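Inspection log for the structure reproduced underneath, given as structure tokens.
Please read these numbers as outputs of a predicted model, since none were measured by experiment. All heavy atoms count here, side chains included; hydrogens, waters and symmetry mates do not. Every chain is numbered from 1 and lettered A, B, ... according to where its sequence line falls, protein lines coming before strand lines.
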Protein chains: 2
Amino acid sequence: MALKYALLSCLNESRATGYELTQLLRERMGNVWNASHQQTYRELAKLRDEKCVTFEEVPQSDKPDRKVYAITERGRGDLAEWVNEPSERPRVRDPLLLKMFAGELWDIANLKAEIEGHRIHWQATLDRYLAIESRYFSDPENLPFHYRLQHLALLRGIDVNRSWLEWSDNALSVIEKEK
Amino acid sequence: MALKYALLSCLNESRATGYELTQLLRERMGNVWNASHQQTYRELAKLRDEKCVTFEEVPQSDKPDRKVYAITERGRGDLAEWVNEPSERPRVRDPLLLKMFAGELWDIANLKAEIEGHRIHWQATLDRYLAIESRYFSDPENLPFHYRLQHLALLRGIDVNRSWLEWSDNALSVIEKEK
DNA sequence: TCGCGCATGTAAGTTGTTACATGATTTA
DNA sequence: TAAATCATGTAACAACTTACATGCGCGA
């Protein structure tokens, strides 16, 4: 449902191909919205039908042709309408936390390995977000308002990954004592 | 997919009806796994077919009959297998954060109202989790291991809601300056 | 030569949401 | 008297995932 608006938000900043949109969601907006490339292409086809986006085919000699999408007035209208409607909190569905409720069924070595594996991922993601911050948002006080809002979204990503790192250290020390 | 294991985890602790399982997911496990009652009933029917659960009909005079479900050996086996397999991180899809990427389309009063609305919810959820903590996990050091793991899951819920509260204060002060 | 990045999609299946449906008792 | 709680589901639809499909260029 909101994938529509995720794509329109990106296209509202600048035109892009389906491939680039998929990358954007995975990288810069990884802590905000996620979609596979299949989902992205399907949604773009729908947005074309709804006349929320237009596209231009750009032939390339060495690589496959690119379809560069752009937002239309109608697309911007839909986006503005959605933005001003109240939205709900996403529902949490976290398999790792769920596993904490099947305690006595764990092989403790597996539990430790799993948390350590995720820990590496959280550290890498945190580093990535911190790099984005220092590149684009190093002086937040003096940024234009709409960049400040984007910075607020990024701050969530930073905070969430930091707090998972702390949590994993805590969890690992609990496990260590049990061994 | 993991809804199966969410239900089996609950039933592994104690037998329950579909209604009670739905409540459990919403309340005690709200920061772990969410499912509507329709999903729960559908999944329970599937688990019955797979012989992962059995049920017993308990007639009631004043209220509708209860179907009390219990986990089977096969269900426990499936759960133990799943628990020891590595799992992936859930993909983030947060409409509120997404809205931060459509900055200039906001009516600033709507943005402020939306964040304030969510803030009330985060505060209430935090209070609820803190109440659970003080009731069941007030002395974590001396708890049996499988309760310590459940406490770790609860700590995530506490931390996440605390950090959203801080975030919303930060966001509201950014908005205040812009007005 | 094997995999990765670029670039696009289709098809089938699973999971999750929304709407509909019933009906008694308790609480405001 | 209206709404909430208890208690169960079905049906239709929307969203998301997984597997399949193609093909070139580049670097290890």
Side-chain angles (χ1 to χ4, degrees), chain A residues 1-8 10 15-27 30 32-50 53 55-69 82 87-95 98, chain B residues 1-8 10 15-27 29-30 32-50 53 55-69 82 85 87-95 98:
Chain A
M1 211 203 152
L3 174 56
K4 168 176 176 176
Y5 304 104
L7 298 176
L8 289 178
C10 294
R15 41 181 49 219
T17 66
Y19 188 84
E20 287 164 346
L21 289 166
T22 308
Q23 280 186 125
L24 255 162
L25 291 181
R26 196 175 48 234
E27 281 152 36
V32 170
W33 204 269
N34 281 268
S36 61
H37 73 103
Q38 294 90 334
Q39 246 189 304
T40 305
Y41 287 121
R42 183 146 40 88
E43 191 68 29
L44 281 171
K46 240 168 97 183
L47 290 174
R48 247 149 44 188
D49 294 344
E50 292 176 19
V53 298
F55 74 98
E56 203 189 336
E57 270 194 299
V58 181
Q60 296 193 120
S61 50
D62 51 342
K63 286 171 199 166
D65 292 357
R66 291 154 54 88
K67 283 185 188 164
V68 181
Y69 290 87
W82 172 77
S87 57
E88 297 202 345
R89 295 277 67 223
R91 288 162 196 186
V92 183
R93 290 188 180 102
D94 190 324
L98 183 52
Chain B
M1 209 202 157
L3 174 57
K4 168 176 175 176
Y5 304 104
L7 298 176
L8 289 178
C10 293
R15 39 181 52 218
T17 65
Y19 188 85
E20 286 164 347
L21 289 165
T22 308
Q23 280 185 125
L24 255 164
L25 290 181
R26 197 175 49 235
E27 281 153 34
M29 292 171 72
V32 170
W33 205 270
N34 280 267
S36 61
H37 74 102
Q38 294 91 334
Q39 248 189 301
T40 305
Y41 287 122
R42 182 150 40 97
E43 193 66 31
L44 281 171
K46 240 168 98 184
L47 290 174
R48 247 149 43 188
D49 293 344
E50 292 174 21
V53 298
F55 74 96
E56 202 189 337
E57 270 195 297
V58 181
Q60 296 192 120
S61 50
D62 50 343
K63 285 173 203 170
D65 292 359
R66 293 153 54 87
K67 283 185 189 165
V68 181
Y69 289 86
W82 171 78
E85 271 166 17
S87 57
E88 297 203 344
R89 294 278 67 222
R91 287 161 196 185
V92 183
R93 290 187 180 105
D94 190 325
L98 183 52

Discussion item. For a quick test of reading the model: is some side-chain N or O of Q39(B) closer than 4.0 Å to OP1 or OP2 of dT15(C)?
Written reply: no
Worksheet item: Quick one: L3(B) CG to dC16(D) C1', roughly how many Å, whole number?
Response: 15 Å
Worksheet item: Got a second to check how far L24(A)'s CG is from W33(A)'s CH2, nearest 0.5 Å?
Response: 15.5 Å
Worksheet item: Roughly how many Å is it from CZ in R93(A) to P in dT17(D), rounded to a whole number?
Response: 12 Å
Worksheet item: For E85(B), does the CD atom have more than 12 heavy-atom neighbours from other residues, nucleotides or ligands under 6.0 Å away?
Response: yes
Worksheet item: So which one's nearest nucleotide on DNA chain D is more toward 5', R91(B) or Q38(B)?
Response: Q38(B)
Discussion item. Could you tell me how far apart L25(B) (CG) and dT17(C) (P) are, to the nearest whole angstrom?
Written reply: 12 Å
Practice prompt. Take M29(B) and L98(A) through the test side-chain contact (heavy atoms from CB on, under 4.5 Å) and record every step on the way to the result.
Written response: CA-CA 8 Å; M29(B) 292 171 72; L98(A) 183 52; 3.7 Å; yes
Worksheet item: If only side-chain N and O atoms of Y19(A) are considered, is one of them under 4.0 Å from the OP1 or OP2 phosphate oxygen of dC6(C)?
Response: yes
Worksheet entry | Phosphate OP1/OP2 of dT8(D) contacted by Y41(B) side-chain N/O (<4.0 Å) | yes
Item to complete: Apply the test side-chain contact (heavy atoms from CB on, under 4.5 Å) to residues L21(A) and L25(A): give CA-CA distance (whole Å), side-chain angles for both, the deciding distance (0.1 Å), then the verdict.
Response: CA-CA 6 Å; L21(A) 289 166; L25(A) 291 181; 5.6 Å; no
Fill in: Sidechain-backbone polar pair: N34(B) side chain, V92(A) backbone, donor-acceptor under 3.5 Å
yes
Discussion item. For DNA chain D, which residues of residues 42-50 of chain A approach it to below 4.0 angstrom with any heavy atom?
Written reply: R42(A), K46(A)
Worksheet item: Expressed in angstrom and rounded to an integer, what is the separation of E20(B) atom CD from dG9(D) atom C1'?
Response: 17 Å
Practice prompt. Using salt bridge (charged side-chain N to carboxylate O under 4.0 Å, His left out) as the criterion, list what pairs up with R42(A), not counting sequence neighbours.
Written response: none
Practice prompt. Please step through side-chain contact (heavy atoms from CB on, under 4.5 Å) for the pair T17(A) and K67(A), ending with a clear verdict.
Written response: CA-CA 6 Å; T17(A) 66; K67(A) 283 185 188 164; 5.8 Å; no
Worksheet item: What's the NE2-P distance between H37(B) and dT18(C), to the nearest Å?
Response: 12 Å
Discussion item. Rounded to whole Å, how long is the line connecting atom CZ of R66(B) with atom P of dG9(D)?
Written reply: 13 Å
Discussion item. Is there a side-chain contact between K67(A) and the phosphate of dG9(C), meaning an N or O under 4.0 Å from OP1 or OP2?
Written reply: yes
Discussion item. Does atom CD (E57(B)) have a neighbourhood of more than 12 heavy atoms from anything else shown, all under 6.0 Å?
Written reply: yes
Discussion item. Once you measure the plane-to-plane angle for Y69(B) and F55(B), does it fall in the parallel (<30°), tilted (30-60°) or perpendicular (>60°) bin?
Written reply: tilted
Discussion item. How bent is the helix from dT1(C)-dA28(D) to dA28(C)-dT1(D), measuring the angle between the end axes built from five pairs each, rounded to 10°?
Written reply: 50°
Worksheet item: Would you say T17(A) reaches dT8(C)'s phosphate, i.e. side-chain N/O to OP1/OP2 under 4.0 Å?
Response: yes
Discussion item. Over all strands shown, is Q23(A) touching base, sugar-phosphate only, or nothing at heavy-atom distances under 4.0 angstrom?
Written reply: sugar-phosphate
Discussion item. Rounding to an integer number of Å, can you tell me how far L24(B) CG sits from dC6(D) C1'?
Written reply: 15 Å
Item to complete: Report the distance from atom CG of D65(A) to atom P of dG9(C), rounded to the nearest whole Å.
Response: 10 Å
Worksheet entry | Audit row: R66(A), Y19(A), side chain to side chain donor-acceptor pair (under 3.5 Å) steps and yes/no | CA-CA 9 Å; R66(A) 291 154 54 88; Y19(A) 188 84; over 6 Å; no
